Amino acid sequence: MPETFASTVVDWYHANRRDLPWRRDGFTAWGTLVSEFMLQQTPVSRVIPRLEEWLTRWPTPADLAAVPPGEAVRAWQSLGYPRRALWLHAAAVAITERHGGVVPDDVEALLALPGIGDYTARAVAVFAYGARHPVVDTNIRRVIARAVDGQGEPPPPSARRDLAAMSALLPRELPAAAAFNAGMMELGAIVCTARAPRCDDCPLALQCAWRAAGYPAYEGPRKAVQKKYEGSDRQVRGRILAELRASHIPVTPEELEDVWPDAAQRDRALRGLVEDGLAVPEGGGYTLP
DNA sequence: CAGTCGTGGTA
DNA sequence: TTACCAAGACT
């Protein structure tokens, strides 16, 4: 039965996979690593142009490691969560110094790199190197919740439980296992979507526990409500960082006054940026690291 | 474990 | 317009 489930997804994937940059022949492991960093909480459509620029400028980890981290933050532009740019730069330094400039292929070594967690480590091992590991992202958790568990939404993430659930479905053979991981993500991304799933087009329709149960509403714990962005510290941090990105000389405190009127909130945001290593005091002002 | 961390598109 | 969502990681 799991065999049928997996082969259905694999067959569907081979017929329906989108032509994305990181799926092209000859795409490097470094390219895969960069794409996975960028795709953490950022939509595919916004990632693609930044990724192309990034890999043209820094085609290897050593190329990125050779420039100051602030250059990575600048090239990150408005992808969001700029700490990822800092971590990606730090990962490039570690790869250059500890791994001879070659992106590691084992999960343990990948997990040891900054900014790489359970998802990204396995995604790189599987998509760049073809290893057999369960990959679990938000798409896959949703597909399993519906097709297997009959729930409209997944419960809050649990690495142990989620990895075990995906492992139970994973084909034993190597090429199929990798295609199953990619296929489950793709299915969640373009068919079994969060808002308006296209169940009529779903290859798993006949096997879907959620459909069989009549699409019951989700009963479990609600996910934490995301706080409003407008007026938040995050927005202030974003505004300040945009100023630093746009300037190649220290931005003065006076210039930052124009960015946000509330001095207390502005200072709090600035302190946070300095703590995170995204801003550096210099010459009475602030610059990128 | 819950809070924090950007930004833009869509319903 | 507000609210939700997007290939998560770290503290």
Side-chain angles (χ1 to χ4, degrees), chain A residues 13 17-18 20-23 31-51 73 76-88 90-91 110-128 133-143 152-163 166 178 181-190 192-197 218 221-245 268-269 271-273 275-279:
Chain A
Y13 177 64
R17 65 198 285 267
R18 290 168 294 176
L20 299 171
W22 42 92
R23 293 175 180 166
T32 300
L33 181 61
V34 174
S35 73
E36 293 299 347
F37 265 85
M38 291 183 171
L39 287 163
Q40 292 168 3
Q41 300 286 283
T42 300
V44 167
S45 60
R46 290 177 54 202
V47 162
I48 290 175
R50 294 295 82 75
L51 177 66
V73 175
W76 199 256
Q77 298 189 31
S78 62
L79 286 177
Y81 293 132
R83 286 187 294 189
R84 290 180 294 165
L86 229 39
W87 289 332
L88 178 51
L110 287 162
L111 280 172
L113 296 173
I116 294 190
D118 288 320
Y119 164 74
T120 303
R122 290 172 178 79
V124 170
V126 169
F127 301 137
H133 295 288
V135 175
V136 179
D137 77 326
T138 186
N139 290 305
I140 290 181
R141 294 197 318 106
R142 185 172 55 249
V143 173
E153 295 175 33
S158 158
R160 255 175 51 93
R161 190 160 34 79
D162 296 341
L163 287 171
M166 188 60 178
N181 280 312
M184 288 284 279
M185 288 178 63
E186 191 75 345
L187 193 58
I190 68 183
C192 193
T193 55
R195 303 190 205 174
Y218 177 69
R222 298 296 310 174
K223 63 185 69 172
V225 184
Q226 187 169 313
K227 265 192 280 189
K228 191 167 63 175
Y229 181 63
E230 196 67 27
S232 67
D233 285 4
R234 293 160 91 163
Q235 183 181 29
V236 184
R237 287 169 56 110
R239 291 262 185 97
I240 293 172
L241 201 57
E243 289 298 311
L244 303 192
R245 259 193 244 107
R268 189 166 63 239
R271 276 198 305 277
L273 288 171
E275 280 177 22
D276 292 342
L278 286 164

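Just so we're on the same page: letters track the sequence lines, and every chain starts at 1. Keep in mind it's a predicted model, so treat the numbers as computed, not measured.
- With hydrogens and angles left out, the side-chain atoms of T42(A) and R84(A) include a donor and acceptor closer than 3.5 Å.
- Rounding to the nearest 0.5 angstrom, the gap separating the CG atom in D137(A) from the CE atom in M166(A) is 8.5 Å.
- Of the P atoms belonging to dG3(B) and dA7(C), the separation is 23 Å, rounded to the nearest Å.
- Atom pair L244(A):CG and dG6(B):P shows a separation of 13 Å (rounding to whole Å applied).
- Annotation for L51(A) and P21(A): closest pair CD2-CB, 4.3 Å, computed over non-hydrogen atoms.
- On the C1' atoms, dC4(C) is 15 Å away from dG6(B), given to the nearest whole Å.
- Between K227(A) and dT4(B) there is a side-chain N or O to OP1 or OP2 distance below 4.0 Å.
- Comparing the same atom, C1', in dC5(B) and in dC5(C) gives a spacing of 16 Å after rounding to whole Å.
- What separates CD of E275(A) from P of dT4(B) is a distance of 14 Å, to the nearest Å.
- Within the nucleic acid shown, K228(A) has no heavy atom closer than 4.0 Å to any nucleic acid atom.
- Nucleotide dC5(B) holds its P atom 10 Å from the CG atom of L273(A), rounded to whole Å.
- Residue P157(A) is classed as having no contact, given no heavy-atom separation below 4.0 Å to the nucleic acid.
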Q. Which letters describe nucleotides 4-11 of chain C, given B = protein heavy atom under 4.0 Å from base, S = only from sugar-phosphate, - = neither?
A. BBBBBSS-

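- Between the side chains of Y119(A) and E36(A), at least one donor-acceptor pair of N or O atoms lies under 3.5 Å.
- Judged by distance alone, with hydrogens and angles left aside, the side-chain atoms of R122(A) form no donor-acceptor pair with the main-chain N or O of V136(A) at under 3.5 Å.
- When heavy atoms are screened at a 4.0 angstrom cut-off, R245(A) is found touching the sugar-phosphate backbone but no base atom.
- Counting heavy atoms from C-beta on, the side chains of Q41(A) and Y81(A) come closer than 4.5 Å.
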